[in-house]
Amino acid sequence: MSDFNLMEDKLSNAQIAWRAAQDIEDGSYVNLGIGFPELIAKFQPEGRDVTYHTENGVLGFGAAPEPGQEDWDLINAGKKAITLKPGASFFHHADSFSMVRGGHLDLAVLGAYQVAQNGDLANWRVGSKGVPAVGGAMDLVHGARRVAVITDHVTKDGGPKLVETCTFPLTGVGCVTRVYTSLAVVDVQDGHFVLREKLPAISMEALQAVTGATLHTDGPVGDLIVPEDL
Amino acid sequence: MSDFNLMEDKLSNAQIAWRAAQDIEDGSYVNLGIGFPELIAKFQPEGRDVTYHTENGVLGFGAAPEPGQEDWDLINAGKKAITLKPGASFFHHADSFSMVRGGHLDLAVLGAYQVAQNGDLANWRVGSKGVPAVGGAMDLVHGARRVAVITDHVTKDGGPKLVETCTFPLTGVGCVTRVYTSLAVVDVQDGHFVLREKLPAISMEALQAVTGATLHTDGPVGDLIVPEDL
Amino acid sequence: MNKVTSTTAEAVASIPDGARVMIGGFGGSGAPIELIHALIDRFRATGSPKNLTVINNNAGNGSIGIAAMIKAGMVAKMVCSFPRSSNAEAFNEKYLAGEIELELVPQGTLAERIRAAGAGIPAFYTPSSYGTELAEGKPTEEFDGKMYVRERWLKADVALIKGQKGDPMGNLTYRLAGRNFNPLMAMAADRTVAQVAELGKPGSIDPEQVITPGIFVDTVVEVPEPQQEEVLVRTGVVY
Amino acid sequence: MNKVTSTTAEAVASIPDGARVMIGGFGGSGAPIELIHALIDRFRATGSPKNLTVINNNAGNGSIGIAAMIKAGMVAKMVCSFPRSSNAEAFNEKYLAGEIELELVPQGTLAERIRAAGAGIPAFYTPSSYGTELAEGKPTEEFDGKMYVRERWLKADVALIKGQKGDPMGNLTYRLAGRNFNPLMAMAADRTVAQVAELGKPGSIDPEQVITPGIFVDTVVEVPEPQQEEVLVRTGVVY
C-alpha cells in the first residue's frame, strides 16, 4: 500500500467516467454537464436504454455526427454538434429547465472544484477575477433525483477537492448525493462523506490524507475496479 | 324626454353588442366572455381584421359550424363548437393565460352584475348560495389593454348596475375601462364614471336617476345611435 | 424504453385511495373518457380507489366521465374553476348536500399552478383574484405599483390525460383544442397515464412536433377511436 | 393582418437608443444573425441605436453577431448566463476593461424570468442560486422545507428572433434546437421582430404545429437561407 503513487496510480478521467456510467439505470433520464461529464455517455453499459437531456432543449440525442456532417442548429449545451435518436424531441428553454427544476431528471452529473461534506458544490468560478459564467449549473443541481459529481480526487497541486466547507463560490447548497473521484466513490449522507469504494491499492489512511473532511464508513468499503485500457 | 320608457326604449342586447363592436380596432386581438359578449363577433364591422382568443387554447377562430358539422374537440371557452380561420393556432392553457395576463390582448369584453365607479367589477356570483363558478373571468380582467363591459343599464327590477361600490363579490379591482349599457357608453376614469354617449331620447336627469353613482362629463356627450333592426 | 400498457384497466390499476388525480380536458375536448371509465370499473369491482381529489377545469357533465365518478361516490373533493354548467347535476347535488368539497380556482391560476408544479416553481405572483374573496388569506405584494396574490404550485399523484398520437417513449401530440390542460398535467403529476388514439414507433412523431416530451409521461395506452364526452352527454349515455 | 416587412433594415429601424433588446438563440443555434447585422448597419450609418442592453444566453462569439455589436460599441450591458466561451474576446476585453456591464443569471432562471414577463407573472420562486453569491440581496423563502430565491420577470423593449416557417399573422415554427429562447423572448418584449427562412400564407402552418402564435409577434421578415453563426465564426468572418 505504501507504494501508491497519487499521480500515477489514480484513475484516468475516462475510468472515472466509466465508473459513473455503471450506476446509470436502465430507462433513466440523464443530464451530463459540459466537458468531462459528457464522457460518461461513451461508457453507457450495453442493454441500458438511457435518454439524455441537454439544457438547450433536446431530449434523446445521440453521439456527435461525422466531421463535416454537423448541423449547427442541432447542438448540445456545450455547443457541440449532436445527432438524434428515434423518439427525440425539441422544446424551448423554459420547458427544458422545467424538466430540470421540476424533478423530472433521474440524474445530473457535474464536474467540481470542491464538494463539501454536506453536499455543497462549488463548480462555477474559483475567485472574483476574470469573466464569470454560470450557465445551467445552478439549475442542474436542483431537481434531479440524484446529483452526482465526477472529479479528480485532488487539485493539480495535490490539495483536497472533497472538503469540510467550500472556499470557492457555491453553485448549490447541500445538493450533491454522490462523488466519483480518481480514487474513490463517496456518498454524501446526513452531512458526512461516506466512503463506498476505493482503489484497492490505496490505504484508508492515504485516502483520508488527501481528503479534506472525514471519510465515514457504515459498512464494508468496496473495491473500485475499472477497466485498465481506458 | 319625459316619455322615455326605460324598459321599452332601451337598447336590445344585440344593439349593445353592435355598439361595442364598433370600437374594436382593425388588427386587434380580442377575448369575448362567455354568453352575451360572444354576440359582439357577429357585428364586427366589414374590413376589420380581428383575431379572437378563447381561454381553452385557440387563437383565430371563426363562427360556429353548420349543425351536424361540430367537432367537439374544437370548442370555445363557452364549450360551443367553433371553426378555424386561416392562420389559427392551438396552445395549452398556461400559454393561453399567458396571453391574457401578459398584456397581449388588446381587449376583453365581459358581462357584469355590477361595475363600480373605480372600475371594480362583480360578475361571477351574486351571493353565497348555490354552486360558485369563476372560470377565466378573474384572469381576463387583468392584462388586456382595455377591459370593457357590456350590460343592461339596470337590473331586472330596475336597480342600478353602475354603482359607487359593488355589493356583490368582486371579480377584479379597478379593472374596467369602459361600459356599454342599454342606455349609454360610460368610461371609468380616475375613480369616476365619465359619460361618453347616451340615447338621444333619455335626459341626463333620467339617466342619472337609474345610475348608482355620479355620471361626470368632461366634454360634449355624444348620441348613442345604433341600427334599429337588430 | 417502452411505456406502453395494453389495457386501460392496467393503466389505472395502481391508483390508491385518497390520491390526488389530475384529469385533462376542458369540457369534453381532450377528456380521457376511457381512462376515467376504467377507473370507475375498478372502483365498482373493488371499492377502490375512493376518497379521490380530482383536479379538472370542470366538475363533470351528464352521467359519464367525471360526473359518473362523482355519482359513483369516488370523489371527496373537486379542484376546478367552473363546476357550474348545464349538465352538472352530479356535482351540484353532492355539493349542495355538503357531500363533496370544492376548491374553486380561477382558470388561469389553475393552469399556472399546475405548470408551476411541473416546472419546480413552488410559488408565484399573479394579478388574478386580487381583492376578491378567492384571494382571502393569501399573501399579497406590490410589484411596480400593482398588487398581486401569491399562489402555490398544485401537484398530483396521478394525471390521466388524452393525446392524439403517442409513441412508446411517451411522446405525445394532441388533437385541435383537446390540448388545453393535458400537457400541463403531464408535467405536474408523480405519474402520468396517457391514452392515445394512435400509437406509433419511436420516431413516428417529428421531434419538432412533439408537444409533450416523453419524460413527462409514464404509461401510454392505445384507445383507437376514443369516445367524445360531449357526444355521450348529448345522447344521454349513462356510465 | 399583415406583419410582413420586406427588409431587415426596416424591421429594426425603430429600435431606440438605450433599448433593452432580447436576442434569441443559444450560441449559433437559432441566432437571428441577419437582424443583428441589420442593426449594426444602422448603427454604423446613423450612430443609433447605442447604449443597448442585450439579453441573450451568451455574449457573442468571434467577430459577428452579438460579438460584432459589442465590438462596434453599441452595447452598454449584457444580461446572460454564459459570457465565457472559446471565441468570446469581444465581450471579454470590454468587460475586463470595465467598458461593459454584466448581469449574470443562471440559465434556467434567465429562461423562467423571460417566460414570466410574457406570462404576466411579476415574480416567482426558484431553488436555483439559493445560498450562492448570485442570490445576494434577493428575498428568500422556505416552502415545504426547502429554501427558494424570489426572482423578478425580465422584460424587453424589443426581441429579435429567428424562426423557420412564418406567416403574415406572425405564426412561427423553429428549426431543430434553434427553438431555445426564441419562443420565450417573443412573449416578453413589447415588440417582437422575427426573421424566418420560409414565409407562407396564413394557414400554411398547421394550427397544431404552430410553436409561437402570431399574437406574440409584431414584425416578420423573410431571410431565405439564413447564415449560421457557428459557420461564420469557424470560417473567421468579421462583420
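Each chain gets a letter, A, B and so on, in the order the sequences are listed, and its residues count up from 1.
L176(D) is listed as a side-chain neighbour of F90(A), based on a closest heavy-atom distance under 4.5 Å. Side-chain contact check for Q107(D) versus V134(A): every heavy-atom pair is 4.5 Å or farther apart. Inter-residue side-chain proximity for F97(A) and E112(D) is flagged as unmet; no heavy-atom pair is nearer than 4.5 Å.
Contacts between D71(A) and chain D at a heavy-atom distance below 4.5 Å involve the side chain alone, from C-beta outward. Heavy-atom distances place no part of Y174(D) under 4.5 Å from chain A, backbone and side chain included. Proximity to chain A involves both the backbone and the side chain of R175(D), based on heavy atoms less than 4.5 angstrom apart. Contacts between P83(D) and chain A at a heavy-atom distance below 4.5 Å involve backbone atoms as well as side-chain atoms. Looking at V58(A), only its side chain comes within 4.5 Å of chain D, counting heavy atoms on both sides. When heavy atoms are compared at a cutoff of 4.5 Å, T171(A) approaches chain D solely by way of its backbone atoms N, CA, C and O. At a 4.5 Å heavy-atom cutoff, the contact between R234(D) and chain A is made by side-chain atoms alone.
Within 6.0 Å of NZ on K80(A) lie more than 12 heavy atoms contributed by other residues, nucleotides or ligands. When the shell of 6.0 Å around CD of E25(A) is examined, it contains 12 or fewer heavy atoms from other residues, nucleotides or ligands. Crowding of E142(D) atom CD: a count of heavy atoms from other residues, nucleotides or ligands under 6.0 Å exceeding 12. Crowding of K165(D) atom NZ: a count of heavy atoms from other residues, nucleotides or ligands under 6.0 Å not exceeding 12.
Across all non-hydrogen atoms, the minimal contact from H142(A) to P127(D) is NE2-O, 3.2 Å. Closest approach of G108(D) to R101(A), counting heavy atoms only: O-NH1, 3.4 Å. Here the shortest heavy-atom pairing between L170(A) and G131(D) reads CD1-O, 3.7 Å. Across all non-hydrogen atoms, the minimal contact from F82(D) to G135(A) is CD1-N, 3.5 Å. Contact detail for H92(A) and N180(D): the closest heavy-atom pair is CB-O, 3.3 Å.
Contact count versus chain D (heavy atoms, under 4.5 Å) is highest, among G174(A), G172(A), G130(A), G57(A), for G130(A). Comparing L102(D), N57(D), L134(D) by how many heavy-atom pairs each has under 4.5 Å with chain A, the most go to L134(D). Contact count versus chain D (heavy atoms, under 4.5 Å) is highest, among D95(A), L74(A), N56(A), for N56(A). Chain A forms more heavy-atom pairs under 4.5 Å with one residue of N58(D), I211(D), L110(D) than with any other, namely N58(D). Highest contact tally toward chain D, considering only P132(A), A77(A), C175(A), is held by P132(A) [criterion: heavy-atom pairs under 4.5 Å].
A salt bridge does not link K79(A) to E230(D): none of the charged nitrogens lies less than 4.0 Å from a carboxylate oxygen.
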Worked check of side-chain contact (heavy atoms from CB on, under 4.5 Å) between T109(D) and M138(A): CA-CA 9 Å; T109(D) 299; M138(A) 287 192 185; over 6 Å; no
Check against side-chain contact (heavy atoms from CB on, under 4.5 Å), L104(D) and W124(A): CA-CA 12 Å; L104(D) 191 71; W124(A) 72 286; 3.4 Å; yes
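Aromatic ring orientation, H93(A) versus F26(D): tilted (interplanar angle from 30° to 60°).
In terms of modelled atom types and a separation under 3.5 Å, the side chain of Q228(D) and the main chain of W72(A) share a donor-acceptor contact.
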